[in-house]
Amino acid sequence: MVKKPPRRFSQVVAWADETVEQVIEAHPEEYRLIPTIGSAAGLRQGELFGLALEDLDFDEGVIRVRHQIKRLGQTWIYGLPKNDKERIVPMPSRLAELAKEHIATFGTQNIRLPWERVDGELRPYELLFTWGDDRAMRADLYNLVIWKPAIAAAGVIPPPVKDQRGRKRYVSDYTAGMHALRHYFASITLADGVNIKELSEYLGHYDPGFTLRMYTHMLPSSHDRESQAVNRRLERLGLRLTEQRRSRAENSPGYDDPDLGPGLA
């Protein structure tokens with residue numbers, strides 16, 4: 001049997017905090033929560049566009065990722081997330097506050113789209129993000145009129161140039177797409193101790209091994225972890241010994257530290 005060679009990954013480079021903040025700030029206010037959730041919960045673009053009020057569980061503090069908006073031919077439909085895999089992602093308290101503020105300010109919109117097929121059952125969801133004409137978000141239009149101007153303003157890509165017809169054209173590549181927010185989410189969670197299995201579940205990957213191969217270079221160095229672990233314990237030991245020495249001095253006025261000899265004091 002001929003085995004399929006393992007997929008090769010070019011090393012992912014995560015954006016800096018300042019870059020992500022600038023991208024969010026460059027969004028129109030009514031769409032600012034899109035990159036905020038993307039960077040804080042790791043949702044894919046279609047999952048963000050399909051995010052509904054009923055998917056936000058403020059009591060449990062989680063986002064239930066259950067559907068996305070995707071294109072099928074010339075039609076936009078609802079469908080299961082990638083890999084047909086629903087998942088639950090933590091919703092930190094500050095993100096929950098921002099979501100509540102967005103809903104209070106901009107409301108939600110009931111949008112009906114076919115489910116999984118062009119002729120599928122029409123399903124209504126109270127979407128958090130829609131266009132001003134009460135249509136569901138479309139990836140191609142969002143990328144052109146919101147995402148690319150935002151990442152240009154943040155310095156991720158060059159400013160646009162005008163073609164012969166006076167239309168703005170942006171020079172971009174796949175590394176500057178919305179997937180960069182998922183990479184950022186992976187980088188900050190791994191740095192703070194989330195393990196690969198948990199991250200894989202949050203991102204909706206089909207296999208933790210896939211997640212490991214993609215983000216292994218972002219894992220904290222074992223040398224760093226070992227040094228930090230030992231340093232923490234030695235610091236605690238040092239504090240205890242200092243406290244012990246102080247206690248002895250207070251309770252035994254005539255007590256002197258023993259002579260440890262040359263170089264050991």
Side-chain angles (χ1 to χ4, degrees), residues 20 23-82 84-151 153 177-182 185 202-204:
V20 173
V23 169
I24 293 171
E25 291 169 359
H27 272 65
E29 189 176 359
E30 62 267 36
Y31 300 119
R32 206 165 279 168
L33 190 64
I34 293 176
T36 301
I37 295 178
S39 61
L43 272 64
R44 300 179 178 93
Q45 186 180 55
E47 295 165 349
L48 288 164
F49 294 165
L51 193 61
L53 181 61
E54 53 266 41
D55 300 325
L56 304 182
D57 190 332
F58 293 109
D59 293 330
E60 294 294 328
V62 298
I63 299 174
R64 304 183 187 278
V65 185
R66 298 182 281 201
H67 39 78
Q68 64 171 319
I69 291 178
K70 60 183 180 180
R71 186 172 183 169
L72 195 60
Q74 298 300 312
T75 304
W76 295 89
I77 65 172
Y78 290 127
L80 287 169
K82 189 175 180 180
D84 295 337
K85 187 176 180 181
E86 297 183 9
R87 66 189 189 277
I88 296 175
V89 182
M91 180 170 53
S93 57
R94 181 54 185 146
L95 181 59
E97 291 173 7
L98 293 172
K100 289 178 180 179
E101 291 173 7
H102 172 91
I103 293 166
T105 303
F106 302 106
T108 60
Q109 184 67 40
N110 189 285
I111 300 293
R112 297 165 62 89
L113 292 176
W115 179 257
E116 289 289 4
R117 305 190 311 270
V118 173
D119 60 349
E121 169 197 3
L122 288 176
R123 292 193 180 183
Y125 289 110
E126 287 290 330
L127 298 185
L128 269 64
F129 313 112
T130 58
W131 293 117
D133 54 3
D134 297 336
R135 289 184 302 160
M137 301 290 291
R138 288 172 36 189
D140 53 355
L141 189 56
Y142 170 85
N143 291 342
L144 179 63
V145 302
I146 297 179
W147 179 254
K148 288 183 179 179
I151 61 175
M178 279 196 73
H179 227 68
L181 298 178
R182 280 167 61 84
F185 171 75
Y202 298 157
L203 291 174

> Using 30° and 60° as the class limits, which term best fits the ring planes of His27 and Tyr142: parallel, tilted or perpendicular?
Replying inline: tilted
>> Using side-chain heavy atoms (C-beta onward) and a distance below 4.5 Å, is Leu80 in contact with Glu116?
In response: yes
>> Under the criterion side chain to side chain contact (heavy atoms under 4.5 Å, CB included), I'd like the reasoning laid out for Phe106 against Leu33: C-alpha separation, chi angles, the key distance, then a yes or no.
In response: CA-CA 11 Å; Phe106 302 106; Leu33 190 64; over 6 Å; no
> Between Glu121 and Arg112, does at least one N-O distance fall below 4.0 Å, as a salt bridge requires?
Replying inline: no
>> Are the side chains of Phe185 and Leu203 in contact, using a 4.5 Å heavy-atom criterion?
In response: yes
> Are the side chain of Thr105 and the backbone of His102 linked by a donor-acceptor contact shorter than 3.5 Å?
Replying inline: no
>> Give me the atom names and distance for the closest heavy-atom approach of Ala41 to Ile63.
In response: CB-CD1, 4.0 Å
> When rounded to the nearest 0.5 angstrom, what distance separates CH2 in Trp76 from CG in Asp140?
Replying inline: 5.0 Å
> Using 30° and 60° as the class limits, which term best fits the ring planes of Tyr78 and Trp115: parallel, tilted or perpendicular?
Replying inline: tilted
>> Can you give me the closest heavy-atom contact between Ile88 and Tyr202, atom names plus distance?
In response: O-CD2, 3.9 Å
> Yes or no on salt bridge (Lys or Arg N to Asp or Glu O under 4.0 Å) for Arg32 and Glu29, after CA distance, side-chain angles and deciding distance?
Replying inline: CA-CA 5 Å; Arg32 206 165 279 168; Glu29 189 176 359; 5.5 Å; no
> Roughly how far apart are Arg44 CZ and Lys70 NZ, rounded to 0.5 Å?
Replying inline: 11.5 Å
>> If you apply the rule side chain to side chain contact (heavy atoms under 4.5 Å, CB included), what do you find for Gln45 with Met137, and how did you get there?
In response: CA-CA 10 Å; Gln45 186 180 55; Met137 301 290 291; over 6 Å; no
> If we only count heavy atoms from C-beta on, is the Met91 to Phe58 side-chain gap below 4.5 Å?
Replying inline: yes
> Any side-chain heavy atom of Pro114 sitting closer than 4.5 Å to one from Leu122?
Replying inline: yes
>> Return the CG to CG distance between Leu128 and Leu51, rounded to the nearest 0.5 Å.
In response: 5.0 Å
>> So, taking the atom named CG in Leu43 and the one named CZ in Arg87, what distance separates them when rounded to the nearest 0.5 Å?
In response: 5.0 Å
> Closest approach of Glu47 and Gln68, non-hydrogen atoms and distance?
Replying inline: N-CB, 3.8 Å
> Which pair of heavy atoms, one from Leu144 and one from Pro149, lies closest together, and at what distance?
Replying inline: O-CD, 3.4 Å
> Do you know which two heavy atoms are closest between Phe129 and Leu48, and how far apart they sit?
Replying inline: CD1-O, 3.4 Å
> CD1/Ile146 to CD/Glu30 distance, rounded to the nearest 0.5 angstrom?
Replying inline: 7.0 Å
> How long is the span from the CG atom in Leu72 to the CG atom in Leu113, to the nearest 0.5 Å?
Replying inline: 12.0 Å
> Looking at Ala153 and Ala26, what are the two nearest heavy atoms and their distance?
Replying inline: CB-CB, 3.9 Å
> Leu127 and side-chain contact (heavy atoms from CB on, under 4.5 Å): which partner among Asn110, Leu53, Ile69?
Replying inline: Ile69
